[in-house]
Amino acid sequence: MESNNDEPRRLDGRTVSGLQQALREQAIRAMNRGGRSHHGRGGGRHRGRPPGLRGREIGMFYRQRAMEREQQEELESFVLLQPEIIVKVQKMLSEYDSASTSTFRSEFENYFKSIRSTSFEQNMKEKLLESCVEQDDRLDEKMMIEYDEMMDNLKFQENMITREKLPVNTKKEEILNAIASNQVVLISGDTGCGKTTQVPQYVLDSYLSSGKASLCKIFCTQPRRISAITVAERVAWERAQHLGESVGYQIRLQSVLPHERGSITYCTTGILLKRLESDPLLNGISHIFLDEVHERDVNTDVVMGLLKEIISHRPDLKVILMSATFNTSTFSAYFNNCTNIEVQGTLFPVTEFYLEDVLEETKFANFPEEVQRKRPKWEKYRNKYKQSDSLDDYTSFIEPYARSVQDKYSKFVIEGIKNPNSEKINVDLLTALIFHISFNKPAGAILVFLPGYEAISKLHTSITNSKFYSAEKFKVYALHSMMPTADQKSVFSRPPENVRKVIISTNIAETSITIDDVVYVINSGKSKMTNYNPETKLQTLEEVWTTLANNKQRRGRAGRVQPGICYHLFTRAREFTMDALPTPEILRTRLESVILNLKMLRIHDVAQFLRKLVSVPDDSVVQTSIALLKRLNALDEREFITPLGLHLARLPIDPQIGKMILLAALFKCVDPITSVAANLSFKDPFYRPLGKEKLVDDIRVKFSKDTKSDHLMAANVITEYREEKRKGNERSFCYDNFLSISTLNQLEKMKGQFTDLLMEARFLESSDPTDPKNNYNSSNLDLLRSIISAGLYPNVAKVRRVKICKRRVDPRMDIITPEDGRVSFHPSSINSKQTGFEYKFFAYFMKQKSTAIYLFDTTMINPRALLIFGDGEGAGFDQLGNHFILLGDSFRFRTNRVSAEVILKLREKFDELLQKKAINPGPVDPESEDALLLGAITEVLNAGRFSGHPDYSSDEGNVM
DNA sequence: CTCTCCCTT
């Protein structure tokens with residue numbers, strides 16, 4: 001350890017130890033004053049400016065120096081352990097040092113070694129020998145009889161009349177022939193053509209009727225849980241059966257499985273991917289349907305890449321890709337130019353209008369002044385102005401188009417579209433158009449697509465405040481994943497006659513929520529999309545123009561019951577510039593989980609595999625993700641999966657959160673931490689109904705109970721929910737607190753799944769998250785914080801200042817991370833409402849840049865926990881001879897030699913313990929040396945709690 | 001001073 005080097009150095013004529021002593025005293029005095037400490041900032045001799053500077057240069061010099069100083073101070077903190085703790089912990093550690101090392105638990109070793117040493121190819125070859133499907137004559141006969149019975153069923157026959165009218169039915173024979181004579185077939189057709197419900201049935205029925213049902217086991221993947229269920233229900237209904245006979249579904253934590261053979265299972269793509277981990281050849285499955293491949297979600301892209309390899313080892317496996325009708329050549333080309341059968345026909349025709357038509361029809365001419373304010377120079381440094389096009393650009397873009405249509409439209413329309421503000425979302429225009437339709441067009445619901453919460457909120461207010469609005473004549477719904485309406489049935493119900501239903505929605509209504517009675521669609525042409533910037537390593541959420549594919553999908557939502565109308569609120573000129581398709585998700589996201597899961601499949605050269613996907617992610621993103629996995633110790637230097645990595649890969653959760661629940665098992669605080677993990681990996685149980693934002697924020701703060709933690713707030717919510725449920729009170733509890741029952745139930749189920757898996761991996765002895773055996777430390781708040789930070793590490797931020805403003809409700813905060821500089825708590829985080837903190841450090845999971853870099857969920861952390869559970873290049877002396885200890889690449893803590901020694905030793909030993917536990921999983925025996933180590937860690941953490949003892953508390957400094 | 005969306009035997 002560097003700090004062991006006690007070689008005295010001379011600095012300004014003082015000995016190192018003397019200077020240290022002086023600095024320490026100065027630091028302690030500063031802390032006693034309760035202010036921000038300015039300890040150890042060079043002596044007066046160094047303050048002078050270089051000679052020869054003049055005028056402005058002098059100012060620049062001081063400004064520069066102040067900035068540098070501030071920057072260093074931002075990242076520097078102070079930590080000292082109490083002497084009595086040091087003695088105690090050193091004693092514990094010396095006993096621990098003599099302890100024996102651990103060996104592999106044998107069954108785990110075999111499994112681990114097979115994963116590291118075999119390849120994906122080899123594994124498939126081995127699995128091929130294990131099983132093959134054999135025809136079962138008796139089963140075939142039994143199922144043929146059942147099939148005949150089904151065909152005689154009147155209900156089945158009645159349903160068949162409707163089924164035969166579906167467009168896909170015209171291609172039934174062609175499809176069956178293509179599947180029979182090709183291993184891979186692409187079927188394309190638009191919404192409503194019937195491909196999802198019918199094609200798997202065509203295949204199944206052909207096997208049933210030819211007496212080969214035992215050779216048919218169909219899986220059909222869906223990108224969404226809901227569609228897997230609803231499609232399965234629909235298909236069972238068409239067959240006049242119940243779910244669980246020839247049709248079933250499987251989604252996470254919920255399934256109704258059909259008969260083992262001669263059946264169709266609708267499942268999510270994630271389920272198939274998980275199954276591939278243990279069953280890479282999909283043994284027993286005869287047909288895989290991949291539905292909605294055009295959506296290009298990560299899972300579908302990865303499954304396509306895997307299937308491409310699998311089919312050569314499974315010549316009897318049939319793969320059927322199903323897609324909308326755009327971009328089909330991409331998929332066909334990907335599978336060696338496979339046959340593409342295109343199904344013509346869809347729902348009802350939809351007439352399209354564009355902004356210029358809408359202006360003409362509504363006579364709307366009221367766009368804001370077109371002249372853009374000449375910007376002061378400094379504004380170009382502010383993000384929000386950066387991406388807006390200049391007026392000149394817009395003019396040269398719209399002029400040619402405006403000229404080409406000037407004879408077809410009124411002058412005010414041409415002037416309107418020449419105004420660049422006509423491309424911004426205009427609530428007045430939207431409101432005018434909605435009332436125009438309502439009062440002048442035949443009955444039918446109106447669906448408005450807007451980018452996000454803010455626009456929905458504004459339009460909702462504008463409509464309901466309008467003089468044309470009345471509650472008797474209108475039923476207005478806002479649809480957003482965070483609003484209760486998205487979970488309720490009311491939005492589907494048809495309103496009484498003469499009542500106009502208006503739905504204002506995000507793109508949730510593009511695919512996830514289908515409202516049948518929509519006849520009018522208003523497409524703002526905007527949507528929000530996350531992106532990942534490999535250079536800044538930041539996830540962003542940006543408002544973007546929709547693509548032609550989005551427009552088509554939105555348009556189609558108007559034609560489900562009758563011919564419809566779609567109003568696009570952009571010009572035909574703008575449409576011409578729009579992209580054909582959205583960027584595939586795999587190009588917009590981080591890849592840690594994908595990579596770890598590929599490693600589980602024994603694909604060692606992940607980068608090479610990813611290069612074979614339909615869309616190849618940027619290599620720098622792959623490398624960044626691998627680097628993080630190495631840092632988490634999930635991969636070793638040669639990028640092989642480690643024992644820890646293997647445990648993390650088996651958990652259905654991000655590796656960082658997986659690490660958190662493994663630690664919770666070791667530290668016996670399973671209930672709250674699995675709550676945190678479920679919450680982070682699924683979704684927030686709080687609704688945010690329109691107009692209730694402040695109320696919900698207050699309730700969140702109430703649930704946080706002064707923990708200064710969004711994570712523990714969520715854990716408190718789950719605990720209280722469970723308690724209320726026990727009393728039979730859950731409905732009113734959820735209603736009063738804007739909570740989603742279905743989300744809370746799913747979170748509870750996920751917790752159970754985590755503990756099941758932890759027990760299976762032998763980290764726990766009880767699979768009940770609430771079992772006292774799993775929760776000896778669950779009320780130790782500081783420990784809970786530490787486990788959260790250990791999991792989320794290296795996601796650390798530091799609050800430098802909290803300033804209470806008279807004019808604002810929430811205080812202003814000065815927060816930084818080493819990678820990003822200035823960041824902010826997201827306004828929905830309970831910590832954005834706090835007026836002071838006991839510690840300056842915060843762990844976060846989600847960081848996203850929109851109008852600022854926001855941390856969405858944060859927990860205040862004892863910096864000692866970060867030092868023990870984090871990483872860094874150790875410790876040493878700075879130029880002034882002060883001891884310091886490093887956290888990560890940038891944070892630096894001033895300390896003394898013994899404190900540094902103890903902390904680094906704990907860090908090292910804890911890493912060892914985790915690795916030891918990974919190869920020999922098991923709970924920590926309270927009598928063992930491991931318990932001694934955990935005890936020592938707990939000791940240091942507890943002693944570091946803010947205790948009103950400023951001499952020895954760590955760098956909490958009571959940020960105010 | 002704010003919240004596209006989806007998912008894991």
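Every heavy atom of this structure was used, including side-chain atoms; hydrogens, water molecules and symmetry mates were not. What you see is a predicted model, and the numbers here were worked out from it, not measured in a lab.
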Expressed in angstrom and rounded to an integer, what is the separation of [X] atom [atom1] from [N] atom [atom2]?
| X | N | atom1 | atom2 | value |
| --- | --- | --- | --- | --- |
| A/L541 | B/dC1 | CG | C1' | 15 Å |
| A/I853 | B/dC3 | CD1 | P | 13 Å |
| A/Y532 | B/dC6 | OH | P | 23 Å |
| A/F856 | B/dC1 | CZ | P | 15 Å |
| A/R700 | B/dT2 | CZ | C1' | 11 Å |
| A/I830 | B/dC1 | CD1 | C1' | 17 Å |
| A/L596 | B/dC7 | CG | P | 22 Å |
| A/Q746 | B/dC7 | CD | P | 10 Å |

Could you tell me whether [X] contacts a base, only the sugar-phosphate backbone, or nothing, with contacts defined as non-hydrogen atoms closer than 4.0 Å?
| X | answer |
| --- | --- |
| A/I251 | sugar-phosphate |
| A/E295 | nothing |
| A/L273 | nothing |
| A/Y854 | sugar-phosphate |
| A/S481 | sugar-phosphate |
| A/N299 | nothing |
| A/K694 | base |

Checking A/R275 against A/F219: charged group under 6.0 Å from the ring centre and within 45 degrees of the axis?
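Yes, A/R275 sits over the ring of A/F219.
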Side chain of [X] only, heavy atoms from C-beta on: which candidate in [options] is closest?
| X | options | value |
| --- | --- | --- |
| A/Y453 | B/dT8, B/dT4, B/dC6 | B/dT4 |
| A/T268 | B/dC1, B/dC3, B/dT8 | B/dT8 |
| A/P827 | B/dT2, B/dC5, B/dT9 | B/dT2 |
| A/R808 | B/dT4, B/dC1, B/dT2 | B/dC1 |
| A/R225 | B/dC3, B/dT9, B/dT8 | B/dT8 |
| A/R224 | B/dC6, B/dT8, B/dC3 | B/dC6 |
| A/P652 | B/dT8, B/dC5, B/dC3 | B/dT8 |

Whether [X] contacts [N] is assessed here as follows: a side-chain N or O lying under 4.0 Å from the phosphate OP1 or OP2. Is that the case?
| X | N | result |
| --- | --- | --- |
| A/S824 | B/dC1 | no |
| A/S828 | B/dT2 | no |
| A/S512 | B/dC6 | yes |
| A/H480 | B/dC3 | no |
| A/S681 | B/dT8 | no |
| A/Q222 | B/dC7 | no |
| A/T511 | B/dC6 | no |

Mind checking whether A/F856 and A/H826 have parallel, tilted or perpendicular rings, split at 30° and 60°?
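Rings of A/F856 and A/H826: parallel, under 30°.
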Measure up the A/H480 and A/Y453 rings against each other and bin them: parallel (under 30°), tilted (30 to 60°), perpendicular (over 60°).
perpendicular
Do the side-chain N and O atoms of A/R252 and A/Q753 include a donor-acceptor pair separated by under 3.5 angstrom?
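Result is yes, a qualifying pair exists.
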Just by distance, no angles: are the side chains of A/Q553 and A/E510 close enough, under 3.5 Å, to form a donor-acceptor pair?
no
What do you reckon, is CG of A/L257 surrounded by more than 12 foreign heavy atoms closer than 6.0 Å?
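Check passes, neighbour count above 12.
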Got more than 12 heavy atoms from elsewhere within 6.0 Å of NZ, A/K552?
yes
Is any side-chain N or O of A/S527 under 3.5 Å from a base N or O of B/dT4, one able to act as donor and the other as acceptor?
no
Starting from the 5' end of DNA chain B, give me the residue, A/M529 or A/Q250, whose nearest nucleotide shows up first.
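Result: A/M529.
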Along DNA chain B (nearest heavy atom to each residue), the more 5'-positioned of A/R275 and A/Q848:
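Nearest-nucleotide comparison on DNA chain B picks A/Q848.
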